[in-house]
Amino acid sequence: MTQIAQPLTTTNSSPVPLPDVPVHSFAMFADQLCEQLRNNSSGLSALFGVPRPDRSLRLYAVTNHASAAKLAIFATDVEARYPSLTLRVPQAHWFEREIAEQWGVVPEGHPWLKPIRFHRSYSEGRDAWGRSADDEILPSVQPAGTDYFKVRGDEIHEVAVGPIHAGVIEPGHFRFQCHGENVFSLEIELGFQHRGIERQLIGGPNKRTLHYMETLSGDASIAHSAAYCQLLEGLAGVEAPLRAQAIRCIAMELERLANHTGDLGALAQDVGFLPTASFCGRLRGDWLNASALLCGNRFGRSLVRPGGVRFNLDDGMIADLQSRVEVAFRDLAGAANLLWSTPTVTARFEDCGTVTRSMADEIGLVGMAARACDIDRDARRDFPFSMYRFHQIPVSTWHTGDVFGRAYVRWLEIQRSVRFIQDQLRVLPKTATQCEIPPLQPDSLIVSLTEGWRGEICHVAITDSDGRFADYKVIDPSFHNWIGLSMALRNQEISDFPVNNKSFNLSYCGHDL
Amino acid sequence: MSWPDGDPPKMPERYRGLPVIDSSKCPDACRKCADACPTDAISFNDSLKLDLGRCLFCTDCIDACPEGAIEYTQDFRQAVRTREDLVLDSRAFRLAEALDEKSRKLFGRSLQLRQVSTGGCNGCEADINVLGTIGFDLGRFGIHFVASPRHADGLIVTGPLTSNMKLALRKAYAAVPTPKIVIAVGACAISGGPFVDHPEQNNGIGQALPIDLYIPGCPPHPMTILDGLLRMLGRLETKK
């Protein structure tokens with residue numbers, strides 16, 4: 001093997017000068033990517049293209065290394081075509097589809113090259129599927145290059161679901177190839193929620209930027225806006241006051257509690273177990289209302305601000321929050337523990353939708369879904385940020401990789417989050433809650449990671465010579481994990497789709513952006 | 001919850017409900033609020049006006065105003081029947097009137113809605129879903145969310161109407177039997193919300209469908225949605 005140059009390494013939310021990012025030959029870039037991801041405690045946080053004036057595309061890779069709390073950054077330049085990286089690094093598959101769609105660059109040999117959001121190429125006159133400017137580009141409408149995967153044979157049938165689903169949920173299209181009740185393949189087609197946020201972030205920050213962050217994925221407003229604010233603070237070389245950091249983390253855990261609680265209820269609902277479903281429906285509201293106590297909004301809107309938080313907590317509110325957390329947790333413990341002690345529930349959860357550890361490693365699963373496959377990773381511990389640097393949350397894992405695992409990890413995490421909030425409320429630092437943001441460092445690249453309730457949230461920004469965003473990438477955990485749902489469904493009964501879908505509960509809008 | 005027969009639940013102290021404008025506190029029209037507003041919801045043609053259809057109910061204008069001319073109240077009642085009624089100035093806010101008698105006869109005691117999400121952030125969907133939980137128990141009013149538009153009396157739509165959802169929304173609307181109603185929930189569905197003027201969306205559903213009820217917010221509180229639905233059905237008139 002040829003000698004591989006050292007990549008540039010940095011830590012969570014520490015900017016690096018853009019010219020310091022090594023630009024390798026393509027062969028060395030590909031080797032580097034394999035080398036960096038050889039260890040299964042590492043993952044691909046970001047892989048994206050930035051157009052160059054000469055019409056080449058600079059590919060940046062950001063790999064994370066939990067064992068050293070480091071992020072590695074390296075780059076290469078490609079022209080209209082390059083050999084697909086997915087063949088060597090499977091977890092690059094969705095990133096390469098995104099790059100092909102955005103810049104019209106073809107990763108040759110990609111096993112399943114289709115658009116992921118269904119919009120026109122951002123690179124004039126260059127389209128990875130050779131579509132012309134007159135071709136209509138819509139999901140589910142089958143323009144060139146977007147045929148579904150098909151299984152052929154006697155007694156094979158196809159089930160198409162969506163974009164509009166039966167419940168009050170976001171749009172997406174699911175194609176099942178079935179043999180009787182048995183699912184051979186599930187293809188997930190998204191993009192219906194694509195509203196063009198990333199392109200609008202370029203040239204910022206401006207007065208709308210924070211509001212985009214709060215609406216990337218509305219149920220993860222806190223985790224995304226915190227990722228953005230710590231990115232800005234990193235570029236500005238400041239740190240939010242400690243009390244603000246504590247309040248952000250309390251809000252992030254309340255967000256996790258609300259969603260995990262809602263999901264346990266929804267999982268119970270999907271197997272027809274109404275006691276837990278009913279309790280959790282109400283208890284989820286209690287967590288949301290605790291967020292509203294903090295900032296007036298159930299989803300934490302307007303709480304996290306660059307330089308700190310918009311709302312402080314006074315002693316009365318702290319006491320109020322403490323008693324609410326205690327009461328809600330007591331009720332939730334009763335509702336959740338019913339699940340684990342009811343055989344009709346566990347019989348439906350166990351061995352349903354299993355993703356093996358090796359599959360999870362290969363496709364680069366993140367967050368709670370990965371931890372349910374015994375992957376001991378959590379950005380709160382591995383790339384500590386904000387208050388998690390001083391008050392660690394133990395990582396919760398389970399080893400079965402099935403619906404049960406994904407449900408049970410939620411319950412383990414709920415207990416850790418409650419403990420964390422109680423601890424924080426007891427020792428809230430007595431500092432200010434806001435600081436000024438000086439001008440942002442120009443010509444820099446910065447990676448900001450947080451752990452949202454679904455998993456790793458990654459924001460990457462590149463600044464221009466004036467310190468404005470020349471590029472901004474958002475990678476929601478759903479971007480990594482949708483393929484996990486497809487894998488979970490293989491050889492399952494199609495009637496188990498709802499409970500599997502709920503066990504991942506991925507974001508359409510966070511993916512579609 | 002005992003509402004609407006009893007008192008409504010108490011909103012949290014920091015809840016940002018219906019804003020009020022005090023023009024007397026805005027003598028020189030410094031425009032700082034308008035400059036700060038992320039969605040340009042504030043205008044100054046003759047006097048200070050706030051378009052609730054665009055408003056994200058954030059804190060940017062109140063933080064920018066040196067005089068405190070804009071304030072949020074605790075009032076969760078915000079739904080209206082026309083787009084113009086969403087534009088707030090110093091005059092009294094005109095809440096949604098009930099449907100006409102014939103429509104009330106059809107929908108007043110049983111309203112089946114098909115929800116369609118056309119972009120947005122899933123916040124509105126989350127707080128529509130909440131209405132089905134035991135606390136709100138929407139079913140007690142005869143209102144249900146149904147799986148098929150063919151079983152529905154109308155659509156309840158969220159999101160700015162992305163290009164990629166335009167066809168699906170049109171098909172869903174066509175599949176609802178006439179007469180049918182359309183309810184726009186959230187800043188996105190009314191105006192595009194935070195995504196207003198992006199080329200990938202349509203600044204809400206107003207160009208595509210006739211809207212019977214506008215429920216502003218980002219996202220609206222579940223009480224705001226429930227109040228709007230009941231108000232439209234004429235089930236609050238004799239009470240609050």
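In what follows, chains are A, B, ... by sequence order, proteins preceding strands, each numbered from 1.
Heavy atoms from other residues, nucleotides or ligands lying under 6.0 Å from CD of A/Gln322 number more than 12. Counting non-hydrogen atoms of other residues, nucleotides and ligands closer than 6.0 Å to CG of A/Asp315 gives a total of 12 or fewer.
Of the atoms belonging to A/Arg310, it is side-chain heavy atoms, and not backbone ones, that fall under 4.5 Å from chain B. For chain B, the nearby part of A/Phe299 is the side chain; its heavy atoms alone come within less than 4.5 Å. The part of B/Ser163 that comes within reach of chain A is its backbone (N, CA, C, O), which places non-hydrogen atoms under 4.5 angstrom from that chain. The contact between B/Phe145 and chain A is made entirely by side chain atoms (from C-beta outward), counting heavy-atom distances below 4.5 Å. Proximity to chain B (any heavy atom under 4.5 Å) is restricted, for A/Leu294, to the backbone atoms N, CA, C and O. Heavy-atom distances place both the backbone and the side chain of A/His194 under 4.5 Å from chain B. For chain A, the nearby part of B/Thr118 is the backbone; its heavy atoms alone come within less than 4.5 Å. A/Ile164 touches chain B through its side chain: at least one heavy atom from C-beta onward sits under 4.5 Å away, while N, CA, C and O do not.
Between the CE atom in B/Met165 and the CD atom in A/Glu170 there is a gap of 10.5 Å [rounded to 0.5 Å]. Taken from CZ in A/Arg208 to CZ in B/Phe195, the straight-line distance is 9.5 Å, to the nearest 0.5 Å. How far CG of B/Leu167 is from CZ of A/Phe192: 9.5 Å, rounded to the nearest 0.5 Å. Distance CZ/B/Arg14 to OG/A/Ser291: 12.5 Å, rounded to 0.5 Å.
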*What's the verdict on ring-ring contact (aromatic ring centres under 6.0 Å, His included) for B/His198 and A/Tyr212, showing C-alpha distance, side-chain angles and the deciding distance?*
CA-CA 12 Å; B/His198 290 195; A/Tyr212 286 132; 5.4 Å; yes

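Interface summary for chain B: among A/Met317, A/Glu214, A/Arg120, the most heavy-atom pairs under 4.5 angstrom belong to A/Met317. Chosen from B/Asp35, B/Thr39, B/Asp63, the residue pairing most often with chain A at heavy-atom distances under 4.5 Å is B/Asp63. Interface check for chain B: of the options A/Gly510, A/Pro163, A/Cys295, A/Ser217, the most heavy-atom pairs under 4.5 Å are formed by A/Cys295. Annotation: maximal heavy-atom pairing with chain A below 4.5 Å, among B/Val130, B/Asp127, B/Ile128, B/Thr133, occurs at B/Asp127. Options A/Arg284, A/Arg298, A/Arg117 differ in how many heavy-atom pairs under 4.5 Å they form with chain B, and the most are formed by A/Arg298. Note: B/Arg114 leads B/Gln201, B/Lys166, B/His221, B/Arg114 in heavy-atom pairs under 4.5 Å with chain A. Ranking B/Arg16, B/Lys171, B/Glu13 against chain A, the residue ahead of the rest is B/Arg16, based on heavy-atom pairs under 4.5 Å. Of the listed residues (B/Gly120, B/Pro222, B/Cys37), the greatest number of heavy-atom pairs within a distance under 4.5 Å of chain A belongs to B/Gly120. If you tally non-hydrogen atom pairs under 4.5 Å between each of A/Thr215, A/Leu210, A/Asp219 and chain B, the highest count goes to A/Thr215. For the options B/Gly119, B/Ala168, B/Pro12, heavy-atom pairs under 4.5 Å to chain A are most numerous at B/Gly119.
Side-chain contact check for A/Arg195 versus B/Pro194: every heavy-atom pair is 4.5 Å or farther apart. For the pair A/Arg301/B/Pro219, a side-chain contact is recorded, criterion being any heavy-atom separation below 4.5 Å from C-beta on. In this structure, A/His211 and B/Leu56 have side chains that are in contact, with non-hydrogen atoms separated by less than 4.5 Å.
Under the 3.5 Å distance criterion, with hydrogens and angles disregarded, a donor-acceptor pair is assigned to the side chains of A/Arg305 and B/Thr59.
Within residues 276-283 of chain A, the residues having any heavy atom closer than 4.5 Å to a heavy atom of chain B are A/Ser278, A/Gly281, A/Arg282, listed by residue number.
Look at B/Asp60 and A/Lys207 and you find no salt bridge, because none of the NZ, NE, NH1 or NH2 atoms lies under 4.0 Å from a carboxylate O.
Closest heavy-atom contact between B/Asn164 and A/Ile137: OD1-O, 4.0 Å.
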